[in-house]
Amino acid sequence: MDNLIVKEVCFKNKKIRAIEENGKVYVVVKDICDNLGMNENQFKAQRDKLNNDEFLKVGRKFSPVNTGFGIKETMLLELDYLPIWLAKINPARFSDELKKELMDYQLKAKDVLAEAFLGKRRMYPELFYERQNKRLPRGLPISHSKFHNNGKVVMLLQDLADVLGISRFSVSQKITNKTVISGTDLLNFKKENPEANKSSACLTLIDKNDAVEILSKVNNISDIEREVIIEYFEPYMTLVKTSEHWERLKSMQKGVTESGLQLFQEMKKLDESLKVLHEIKKDIIGRMQFMNYDIHELEK
């Protein structure tokens with residue numbers, strides 16, 4: 001019990017008891033269920049699900065917790081497993097208000113609880129220092145090797161958030177289609193990437209297209225931050241930009257853009273002309289049908 005840190009964390013104006021033990025954070029399952037308006041039978045159903053689900057039961061444990069009515073053995077769930085459990089809760093029996101509440105828990109609760117114990121979780125202390133003191137350069141390079149998923153270069157959502165100096169939740173909101181891996185996919189990912197965090201129960205992966213989408217939606221990105229991300233996915237771009245051909249490519253860009261715009265306009269005109277020709281064709285076919293009818297009548 002000496003290595004336990006117990007806190008009551010406020011989320012959506014309701015308390016969640018959480019425990020840090022040996023560097024891992026656990027939440028009291030009953031508190032989450034109560035906050036989501038579940039009755040006793042619904043809580044028992046969720047408790048059974050955590051006990052029987054082959055994946056989720058790895059993250060649950062029992063520990064003595066002060067319930068307000070004495071110390072009792074209480075079911076806890078490791079924080080990394082929280083979003084997966086919440087995602088498996090069927091919202092069909094919830095009111096519209098509680099459905100929104102459940103969504104907020106699915107998206108935000110983990111980050112709020114983690115911050116209460118771990119502070120602003122950043123991989124690079126220097127980057128956090130820079131955000132506070134405005135002195136160190138932005139966009140520090142990612143410290144680990146590139147991650148791959150089935151041979152394709154990917155970045156962790158948390159890494160991208162760290163480089164940009166914004167929250168993981170803010171980055172997540174800017175992705176149209178998220179790639180979240182867990183279970184067997186996560187085990188395969190960890191085998192492919194030995195440097196990946198072994199304790200994570202799920203990970204959100206960013207590919208090059210996702211990164212481009214996010215960069216287009218984030219304001220005030222510095223050139224350094226942009227180049228860190230570009231270099232991660234396209235390492236040769238940095239070499240290209242320092243080569244003797246780069247200035248010539250930049251000078252050609254305007255001409256290519258203007259030519260492309262002109263081509264687009266001509267294609268638009270051609271498309272309009274094809275529509276006119278199509279209408280003329282329909283008119284000619286119609287007239288020919290009437291002519292055939294008239295000829296047939298005359299032959300009678």
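Bear in mind the structure is a predicted one, so any value in this text is a computation, not a measurement.
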For [Y], is there any backbone N or O sitting under 3.5 Å from a side-chain donor or acceptor partner on [X]?
| X | Y | value |
| --- | --- | --- |
| Lys57 | Asn52 | no |
| Asn193 | His148 | yes |
| Gln42 | Asn39 | yes |
| Glu192 | Gly151 | yes |
| Thr74 | Lys72 | yes |
| Asp31 | Arg17 | yes |
| Asn35 | Ile16 | no |

Inset, instruction - Take the angle between the ring planes of Phe55 and Tyr81 and call it parallel below 30°, perpendicular above 60°, tilted in between. - result: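 The arrangement is tilted - the two ring planes meet at 30° to 60°.
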Inset, instruction - State, yes or no, whether a side-chain contact exists between Ile32 and Tyr105 at a heavy-atom distance under 4.5 Å. - result: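 In short, these two side chains touch, coming nearer than 4.5 Å.
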Inset, instruction - Could you tell me whether the side chain of Glu78 reaches within less than 4.5 Å of the side chain of Val27, counting heavy atoms only? - result: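 Not touching, per the 4.5 Å side-chain cut-off.
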Between [Y] and [X], does any NZ, NE, NH1 or NH2 come within less than 4.0 Å of an OD or OE carboxylate oxygen?
| X | Y | result |
| --- | --- | --- |
| Lys174 | Asp210 | no |
| Asp96 | Lys100 | no |
| Glu272 | Lys269 | no |
| Asp34 | Lys30 | yes |
| Lys61 | Glu21 | yes |

Legend entry - With Lys49 via salt bridge (Lys or Arg N to Asp or Glu O under 4.0 Å) - residues at least two apart: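 Expected list: none.
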Inset, instruction - Considering non-hydrogen atoms only, spot the tightest contact between Ser182 and Ile84 and give its length. - result: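 In terms of heavy atoms, the two residues are closest at CB-CD1, 4.3 Å.
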Legend entry - Short side-chain donor-acceptor distance under 3.5 Å, Thr176 and Glu213: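 Result is yes, a qualifying pair exists.
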